[in-house]
2 protein chains.
Amino acid sequence: MSPKTETSAIAFRKHDHRRCQRQLLSEARQLCEARKLRLTSRRRQVLEILLASHQPLGAYDILAELNRVDSAERIAPAIVYRALEFLMAEGLIHRIESRNAFISCIHPGHHSAAQFLICRDCEQVAEFENIDPGLLSAADNLGFAVDHSVVEITGVCAECQKHGD
Amino acid sequence: MSPKTETSAIAFRKHDHRRCQRQLLSEARQLCEARKLRLTSRRRQVLEILLASHQPLGAYDILAELNRVDSAERIAPAIVYRALEFLMAEGLIHRIESRNAFISCIHPGHHSAAQFLICRDCEQVAEFENIDPGLLSAADNLGFAVDHSVVEITGVCAECQKHGD
DNA sequence: CGACATAGTGTTATATTATAACGTAACTTA
DNA sequence: TAAGTTACGTTATAATATAACACTATGTCG
Ligand SMILES: [Zn+2]
Ligand SMILES: [Zn+2]
Ligand SMILES: [Zn+2]
Ligand SMILES: [Zn+2]
């Protein structure tokens with residue numbers, strides 16, 4: 001297993017996730033400051049909800065969490081979608097198309113194409129970068145100019161296979 | 001350009017699409033007969049609507065087309081989704097996750113993972129098979145058991161780039 | 001400071017995509 | 001033909017996403 005694979009697949013292994021959270025939130029702050037963007041409290045709230053795990057959440061799950069935490073408020077979907085839009089535009093989160101869900105990016109700011117392994121059992125998602133030039137080179141041969149890639153591989157991670165599900 | 005790439009990228013080139021339609025419908029009939037499955041008239045209608053082009057259509061586009069053609073009927077969504085479910089299960093069509101849309105498969109019955117290049121300009125979609133072992137081998141190294149893959153690359157095809165859009 | 005421009009938020013309503021539940025019709029097999 | 005099964009039709013509703021518009025906060029320049 002290459003070091004890169006090891007880092008990328010952290011979601012499938014036990015690890016100190018507090019460390020992920022702190023690190024990624026800190027990187028998000030730095031990145032926004034560098035780009036003169038406002039990581040407002042709404043945006044930060046939504047990001048923190050996604051940083052809580054390596055599992056993707058639907059927009060309405062995030063909405064429910066916001067409404068749960070601050071039970072005085074009654075937040076509307078548009079608010080969540082706007083925060084998600086900002087976070088995606090800045091590469092702080094990704095959309096998982098095959099789940100209509102969103103997940104925090106594990107290397108914010110890298111603008112290369114992300115690719116995911118999604119365990120349908122534990123729902124953990126591992127994010128990879130660019131380890132997959134095959135189709136891209138075929139696109140190149142065809143003169144096809146790539147904008148955006150969606151690569152989402154669903155299956156069962158090694159841990160979950162052990163537990164004999 | 002390899003022969004395989006040439007065949008797969010037919011969507012991006014002028015070609016006799018009538019031939020595609022006849023061929024694919026015929027293959028669908030044979031496949032259903034071989035598997036003792038019923039390609040009922042509803043299922044055939046939905047398949048034919050998708051065979052009309054190499055563009056993906058939303059379930060409600062298909063519904064509108066059904067209701068347009070036979071203007072006496074007033075068909076409900078569930079009917080379309082059921083036909084789509086059957087056609088997907090048999091590998092006669094694919095779902096394009098990043099578009100919430102469906103497209104006819106260009107090599108029905110092959111059960112290998114399909115991968116798509118999607119032109120965001122002409123909306124043509126080229127379907128490839130398995131030219132992309134990179135991520136799959138990474139999955140293998142991790143002991144990740146792959147079930148289903150979603151590989152959808154959006155961009156602009158060579159033709160559309162020429163037209164200077 | 002105060003007028004302005006801009007970006008972000010809150011709110012309401014609505015659009016789009018998908019499924020559940022249940023009864024009827026059509027096919028299959030004995 | 002009767003029973004069992006598969007497919008269809010219908011109604012209602014769930015889940016996901018966006019449009020439109022008013023209000024608020026922030027930054028900027030005189
Ligand atoms: Zn972590
Ligand atoms: Zn797992
Ligand atoms: Zn064709
Ligand atoms: Zn094109």
Side-chain angles (χ1 to χ4, degrees), chain A residues 28-29 32-33 35-50 55-67 69-90 92-103 123 150 152, chain B residues 28-29 32-33 35-50 55-67 69-90 92-103 123 150 152:
Chain A
R29 283 192 212 276
C32 286
E33 188 163 11
R35 295 181 188 170
K36 310 252 190 248
L37 296 169
R38 293 167 57 199
L39 187 58
T40 63
S41 67
R42 273 281 174 252
R43 289 166 177 177
R44 188 180 37 68
Q45 276 182 307
V46 170
L47 178 59
E48 285 184 333
I49 288 168
L50 288 174
Q55 295 178 11
L57 294 178
Y60 282 74
D61 296 332
I62 295 167
L63 182 59
E65 181 61 15
L66 284 173
N67 283 328
V69 169
D70 187 343
S71 57
E73 294 186 291
R74 196 72 358 207
I75 292 172
I79 290 178
V80 172
Y81 281 102
R82 277 196 296 232
L84 291 171
E85 185 178 26
F86 169 85
L87 296 168
M88 281 200 289
E90 301 310 323
L92 297 172
I93 65 172
H94 297 285
R95 181 177 161 83
I96 303 293
E97 297 288 348
S98 56
R99 300 265 172 140
N100 295 329
F102 303 86
I103 192 164
E123 301 196 284
V150 172
E152 300 169 7
Chain B
R29 283 192 211 276
C32 288
E33 188 162 11
R35 295 181 189 170
K36 310 255 191 244
L37 296 169
R38 293 165 57 198
L39 186 58
T40 63
S41 67
R42 275 280 175 254
R43 290 166 174 176
R44 189 181 35 69
Q45 276 183 305
V46 170
L47 179 59
E48 285 184 333
I49 288 169
L50 288 174
Q55 294 178 12
L57 294 177
Y60 282 75
D61 296 331
I62 295 167
L63 182 59
E65 181 62 14
L66 284 173
N67 281 328
V69 168
D70 186 343
S71 57
E73 293 186 292
R74 194 78 352 211
I75 292 172
I79 291 177
V80 172
Y81 281 102
R82 276 196 296 234
L84 291 171
E85 187 178 24
F86 170 85
L87 296 168
M88 280 199 290
E90 301 310 324
L92 297 172
I93 65 173
H94 297 285
R95 180 174 161 83
I96 303 294
E97 297 289 348
S98 57
R99 299 264 171 144
N100 297 328
F102 303 86
I103 191 162
E123 301 197 287
V150 172
E152 301 170 5

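Order of the sequence lines sets the chain letters (A, B, ...), proteins ahead of strands, with each chain counted from 1. Just so it is clear, the model here is predicted, and its values are computed rather than measured.
- With respect to the salt-bridge test (charged N to carboxylate O, under 4.0 angstrom), the residues A/E48 and A/R44 qualify.
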- Using a cut-off of 4.0 Å between protein heavy atoms and nucleotide atoms, how would you tag nucleotides 6-25 of chain D 5' to 3' with B, S and -? -SBBBB----BBBBB-----
- Going through the distances and angles, do B/L50 and B/L84 end up as a side-chain contact (heavy atoms from CB on, under 4.5 Å)? CA-CA 10 Å; B/L50 288 174; B/L84 291 171; 4.0 Å; yes
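- Between A/L66 and A/E73 the shortest side-chain heavy-atom distance does not fall below 4.5 Å.
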- Go through the steps to decide whether B/I49 and B/V69 satisfy the test side-chain contact (heavy atoms from CB on, under 4.5 Å), and finish with yes or no. CA-CA 11 Å; B/I49 288 169; B/V69 168; 5.9 Å; no
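- How far CG of B/L63 is from OH of B/Y81: 9.0 Å, rounded to the nearest 0.5 Å.
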- Task: Kindly indicate, with the supporting measurements, whether the criterion side-chain contact (heavy atoms from CB on, under 4.5 Å) is fulfilled by A/I75 and A/R42.
- Result: CA-CA 11 Å; A/I75 292 172; A/R42 273 281 174 252; 3.3 Å; yes
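- Between A/I96 and A/P56, the shortest heavy-atom distance links the atoms CG1-CB, 4.2 Å.
- In this structure, CZ in B/R99 is found 10.0 Å from CD in A/E97, a value given to the nearest 0.5 Å.
- You'll find the side chain of A/L37 reaches within 4.5 Å of the side chain of A/F86, heavy atoms only.
- From one end of the helix from C/dC1-D/dG30 to C/dA30-D/dT1 to the other, with five pairs defining each end axis, the axis direction shifts by 30° (rounded to 10°).
- A nucleotide of DNA chain C counts as in contact with chain A when one of its atoms lies under 4.0 Å from a heavy atom; the first and last such, 5' to 3', are C/dG8 to C/dT12.
- Taken to the nearest 0.5 Å, the CD atom of B/E33 stands 14.0 Å off from the CZ atom of B/R38.
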